[in-house]
Amino acid sequence: MRQAVLNLEESMIRQVANTGMGRSDVLKFWFGESDEVTPAFIRDAAAASLQQGETFYAHNLGLPELRDAIARYVTALRSPGAAPVGDGRIAVTSGGVNALMLAVQALVDAGDEVVAVTPVWPNLTAQPAIMGAVVKCVSLKPVAGQWQLDMAELLAAITSKTRLLIVNAPNNPTGWTLTRVEQATILAHCRSTGTWILADEVYERLYFEETRSGCAPSFLDIASQEDRLVVAHSFSKSFLMTGWRLGWLVMPPSMTHHMGKLIEFNTSCAPVFIQRAGLVAIESAADITPRVVNHLKICRDTLVPLLQDVPGVQVAPAKGGMYAFFRLEDQARFSDSFDTAKRLMVEAGLGLAPGNAFMVNPAPEAQGWLRWCFASQDVARLGQGVDRLRQWLTL
């Protein structure tokens with residue numbers, strides 16, 4: 001096998017979860033998904049498509065009606081004066097992961113330099129590594145539990161040799177979100193260096209600050225159609241569709257045809273019945289997503305104060321996403337968050353994701369941190385989990 005593949009590290013999140021799967025006594029908060037099932041009308045649309053015999057290939061770029069619906073949805077969220085997002089800039093993909101990998105395949109050659117803002121979901125740094133790229137990380141810095149970007153450090157890392165910048169905001173795991181000023185600064189700098197931006201904006205709608213559009217700032221609000229910008233999205237989080245594996249890309253119009261060729265050699269197309277489910281979901285976004293976001297805010301505002309009340313825990317409320325990223329201050333005991341997460345699962349029945357899963361060659365900033373997905377239908381489970389953590393810390 002290629003050395004780049006042999007060098008891949010197994011996901012630490014999966015390693016923790018795999019040891020606890022099947023145990024009914026474990027409170028599971030390790031994966032980034034709600035425990036609420038997809039709404040019935042979305043499931044019904046998929047079932048109806050199958051009953052109608054829609055079991056054949058679709059266009060590589062997706063069903064025209066779904067691409068059009070996505071374009072209208074994305075455009076409705078944009079700031080006044082933003083560049084139009086027509087269906088000629090949209091590609092439907094087999095999940096957000098597939099969207100991100102397709103973008104990396106399209107833009108990165110072996111030996112290219114890629115800069116990534118970390119901590120971040122490990123797939124985002126693994127994907128360019130699979131392509132043989134050299135990945136440089138610029139770490140956010142924790143300040144009283146809140147993660148912040150050192151803009152000067154990031155801009156210094158992005159040079160004319162940098163092929164691609166990967167940035168995820170709102171961020172998994174920290175909840176950090178770019179401001180409009182920061183986005184404009186990054187975009188202007190990448191224009192000057194000729195660097196592409198891959199923006200993972202999957203958590204755009206899971207945003208808890210007051211905005212006109214009800215979503216986090218997007219690069220699409222300020223970029224031109226032909227800027228070197230690719231934005232990845234997913235149906236997973238905002239539409240409660242993690243298991244469906246459906247996503248999309250927004251890209252420059254000149255890139256879309258070629259992306260269709262790349263999709264052909266990866267998956268050919270997303271399954272039609274899943275696209276039918278996505279179509280009814282996105283056309284009902286006004287009914288689904290606000291309810292999801294309101295509940296997540298309740299979950300966040302329940303969990304974070306409880307964690308803040310636990311001695312030795314440092315945490316700040318996230319502006320976006322579905323995670324509490326918190327630090328256990330006793331570094332003598334908890335410097336290795338992977339070991340801590342495994343022990344918590346075995347000894348306390350509490351399933352969390354280790355902080356160093358989100359770093360390349362874990363930096364000091366990641367040590368002692370844990371990620372808690374608070375997307376729980378039963379808010380009381382969050383309190384039960386905190387009780388288990390508190391008891392375990394006193395052992």
Side-chain angles (χ1 to χ4, degrees), residues 32 74 77-79 82 96 100 115-121 123-125 137-155 158 165-190 197-223 229-234 236-238 250 289-290 292-301 303-304 314-327 355 358-359 365-366 369 371-375:
V74 173
L77 296 177
R78 301 286 60 88
S79 297
L100 292 161
V115 171
V117 177
T118 58
V120 74
W121 182 52
N123 293 46
L124 287 173
T125 51
C137 296
V138 174
S139 177
L140 303 169
K141 303 296 191 295
V143 178
Q146 194 81 54
W147 292 74
Q148 301 177 7
L149 174 66
D150 184 329
M151 182 61 73
E153 182 182 358
L154 177 63
L155 298 185
I158 302 168
L165 166 67
I166 300 177
V167 59
N168 165 226
N171 174 258
N172 171 12
T174 66
W176 162 77
T177 302
L178 280 164
T179 66
R180 175 69 73 235
V181 171
E182 288 172 330
Q183 285 179 332
T185 301
I186 291 169
L187 180 61
H189 184 77
C190 287
I197 299 172
L198 174 55
D200 176 355
E201 297 184 359
V202 163
Y203 296 94
E204 176 188 45
R205 296 298 304 275
L206 306 188
Y207 190 58
F208 308 119
E209 305 293 300
E210 290 293 330
T211 63
R212 177 196 64 82
S213 60
C215 63
S218 169
F219 278 100
L220 292 172
D221 292 323
I222 57 174
L229 170 69
V230 179
V231 177
H233 265 285
S234 171
S236 291
K237 315 300 181 181
S238 303
V250 183
T289 304
V292 171
V293 176
N294 287 339
H295 182 71
L296 287 175
K297 189 174 187 299
I298 291 170
C299 291
R300 182 199 67 166
D301 293 345
L303 176 62
V304 171
Q314 184 183 77
V315 63
K319 292 183 178 180
M322 53 173 62
Y323 311 106
F325 200 51
F326 66 97
R327 181 174 181 265
F358 302 92
M359 304 291 287
E365 291 92 343
W369 291 79
R371 188 195 73 176
W372 187 316
C373 179
F374 52 67

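Numbers for residues simply follow the sequence, beginning at 1.
Note that CZ of R205 and CG of L296 are 12.5 Å apart. Values are rounded to the nearest 0.5 Å. Annotation: the span from N123 atom CG to L100 atom CG amounts to 8.0 Å, rounded to 0.5 Å. The line from CG of L155 to SG of C190 is 8.0 Å long, rounded to the nearest 0.5 Å. Between the NZ atom of K141 and the CH2 atom of W147 there is a distance of 9.0 Å, given to the nearest 0.5 Å. Taking CZ from F208 and CG from D301, the interatomic distance works out to 8.0 Å, rounded to the nearest 0.5 Å. The CZ atom of F219 sits 5.0 Å away from atom CD of Q183, with the distance rounded to the nearest 0.5 Å.
Proximity of a side-chain donor or acceptor of S234 to a complementary backbone N or O of A232 within less than 3.5 Å is not detected. Although no hydrogens or angles enter the test, the distance criterion places no donor-acceptor pair under 3.5 Å between the side chain of R300 and the main chain of P317. Judged purely by atom type and a 3.5 angstrom limit, N172 has no side-chain atom pairing as donor or acceptor with the backbone of T174. The backbone N or O of E182 lies less than 3.5 Å from a partner atom in the side chain of T179, making a donor-acceptor pair.
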Q) Stepwise, does the side-chain contact (heavy atoms from CB on, under 4.5 Å) test hold for L229 with L220? A) CA-CA 8 Å; L229 170 69; L220 292 172; 4.1 Å; yes
Q: Could you please spell out the steps behind the side-chain contact (heavy atoms from CB on, under 4.5 Å) verdict for L303 and F326?
A: CA-CA 11 Å; L303 176 62; F326 66 97; over 6 Å; no
Q: Before giving the answer on side-chain contact (heavy atoms from CB on, under 4.5 Å), spell out for K319 and Y207 the whole-Å C-alpha distance, their side-chain angles and the decisive distance to 0.1 Å.
A: CA-CA 6 Å; K319 292 183 178 180; Y207 190 58; 4.2 Å; yes
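The nearest pair of heavy atoms linking M322 to G32 is SD-C, 3.8 Å. Across every non-hydrogen atom of I186 and L178, the tightest pair is CD1-CD2, 3.8 Å. Of all non-hydrogen atoms in D200 and L124, the two that sit nearest each other are OD2-CD1, 3.6 Å. Nearest heavy atom pair, residue D221 against residue R180, reads OD2-NH2, 2.8 Å. Considering all non-hydrogen atoms of both residues, T289 and S238 come closest at OG1-O, 3.2 Å. Closest approach of S218 to E201, counting heavy atoms only: OG-OE1, 2.6 Å.
Counting only heavy atoms from C-beta outward, the side chains of W369 and P142 approach each other to under 4.5 Å. Side-chain contact between I166 and T125 is absent, with no heavy-atom pair separated by less than 4.5 Å.
Aromatic rings from Y323 and F358 are positioned such that their centres are separated by 6.0 Å or more.
Considering V117, V138, V115 as possible partners of V167, the one that fulfils the side chain to side chain contact (heavy atoms under 4.5 Å, CB included) test is V117. Each of L154, T118, L149, V120 was compared with S139 under the side chain to side chain contact (heavy atoms under 4.5 Å, CB included) criterion, and only T118 meets it.
Between R78 and E204 there is a salt bridge, since a side-chain N of the basic residue sits under 4.0 Å from a carboxylate O of the acidic one.
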